[in-house]
Amino acid sequence: MKTRTDLPQRCYALLKNIPAGKVTTYKLLAEALDTQAYQAIGQILSKNPDLVRVPCHRVVKSNGEVGGYASGEAAKIALLQQEGIEVVDRRIHNLNAVLYVFNDKPSKN
DNA sequence: TTGATGACCTGAG
DNA sequence: ACTCAGGCCATCA
């Protein structure tokens, strides 16, 4: 049973697992946390207790937009571009290419 | 405990 | 392609 009591805590943990040059969506992140509170994820990130430890700027929306950011959307876009992600007018060109996938299904390997 | 808010998502015009 | 409205879940006061 996934303890959904500390959702924020889990968000930060997963974000830390996201490497540079990769991004994820609030929806996928919520799914990875075994929940459906997409908005809750956004709110948790908006609180952002550790903006330096948690790469919340690598979290974008499902429609391809970068979404929002504590320092501003522009700052978020700039960071993404520095990571090597192509962003144009608040939108990611190759979202599917930079989209990060969690180890939700370990399988046999 | 109830009420209101949100860095969202999906569907329809 | 873009805009408008509704809904869903969790967190905060």
Side-chain angles (χ1 to χ4, degrees):
Chain A
M1 314 347 36
K2 284 66 202 249
T3 166
R4 56 269 266 287
T5 9
D6 292 295
L7 199 54
Q9 175 65 265
R10 301 206 84 191
C11 294
Y12 311 137
L14 280 170
L15 291 182
K16 289 185 213 166
N17 279 271
I18 301 179
K22 291 275 187 159
V23 297
T24 185
T25 67
Y26 297 98
K27 186 171 181 267
L28 291 176
L29 189 58
E31 291 276 293
L33 295 172
D34 214 41
T35 182
Q36 282 163 124
Y38 325 113
Q39 257 202 21
I41 303 293
Q43 278 217 269
I44 291 160
L45 293 179
S46 74
K47 285 147 182 213
N48 214 341
D50 297 284
L51 184 60
V52 294
R53 298 185 180 185
V54 182
C56 40
H57 63 266
R58 288 182 194 148
V59 188
V60 300
K61 302 207 295 191
S62 292
N63 25 298
E65 292 186 355
V66 299
Y69 196 54
S71 301
E73 298 155 282
K76 188 170 177 176
I77 295 168
L79 286 167
L80 292 172
Q81 291 183 335
Q82 288 180 34
E83 295 291 311
I85 300 169
E86 300 181 50
V87 183
V88 178
D89 191 47
R90 303 200 323 234
R91 276 205 178 156
I92 298 178
H93 268 199
N94 50 349
L95 174 61
N96 195 23
V98 296
L99 193 61
Y100 174 76
V101 290
F102 297 95
N103 293 36
D104 206 21
K105 300 178 181 182
S107 283
K108 42 246 159 161
N109 166 211

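Numbered from 1 within each chain, the chains take letters A, B, ... in sequence-line order.
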Specify the separation, in whole Å, of atom CD of A:Gln43 and atom C1' of B:dG6.
-> 4 Å
From the options B:dT10, B:dA7, C:dC2, select the nucleotide whose nearest atom is closest to the side chain of A:Arg91.
-> C:dC2
Distance test, side-chain N/O of A:Ser62 to OP1/OP2 of B:dC9, below 4.0 Å = yes
Whole-Å gap separating C1' (B:dT10) and CD (A:Gln36) = 13 Å
Which nucleotide in C:dC9, B:dT10, B:dC8 has an atom nearest any side-chain atom of A:Lys61 = B:dC8
Rounded to whole angstrom units, what separation is found between the CG atom of A:Asn48 and the P atom of C:dT11?
-> 16 Å
Among B:dC9, C:dT11, C:dC9, which nucleotide sits nearest the side chain of A:Ala37?
-> C:dC9
From the list A:Val98, A:Val59, A:Val87, A:Ile18, side-chain contact (heavy atoms from CB on, under 4.5 Å) with A:Val23 holds only for A:Val98
Rounded to whole Å, CD of A:Gln39 lies from P of B:dA4 at a distance of 16 Å
Among B:dC9, C:dA10, B:dA7, which is the nearest nucleotide to the side chain of A:Ala70?
-> B:dA7
Residue met sooner reading DNA chain C from 5', once A:Tyr38 and A:Ile44 are mapped to nucleotides | A:Tyr38
Closest to the A:Cys56 side chain, choosing from C:dC9, B:dA7, B:dT10 | B:dA7
Euclidean distance, atom CD of residue A:Gln9 to atom P of C:dA10 [Å, nearest integer] = 17 Å
Nearest-0.5 Å distance, CG of residue A:Leu29 to CG of residue A:Leu14 | 6.0 Å
Where do A:Leu99 and A:Thr24 come nearest, in terms of heavy atoms and distance?
-> CD1-CA, 3.8 Å
Taking atom P of B:dA7 as reference, at what distance in whole Å does atom CG of A:Leu45 sit?
-> 10 Å
Per atom distances to the A:Lys27 side chain, the nearest of B:dC9, C:dC12, B:dA7 is B:dC9
Following the transitive rule for hydrophobic clusters with a side-chain heavy-atom cut-off under 4.5 Å over Ile, Leu, Val, Met, Phe, Trp and Tyr, establish whether A:Leu80 and A:Leu45 coincide in one cluster.
-> no
For C:dT11, take OP1 and OP2 only and decide whether either is under 4.0 Å from a side-chain N or O of A:Lys47.
-> no
In whole angstroms, how far is the P atom of B:dA7 from the CG atom of A:Asn63?
-> 15 Å
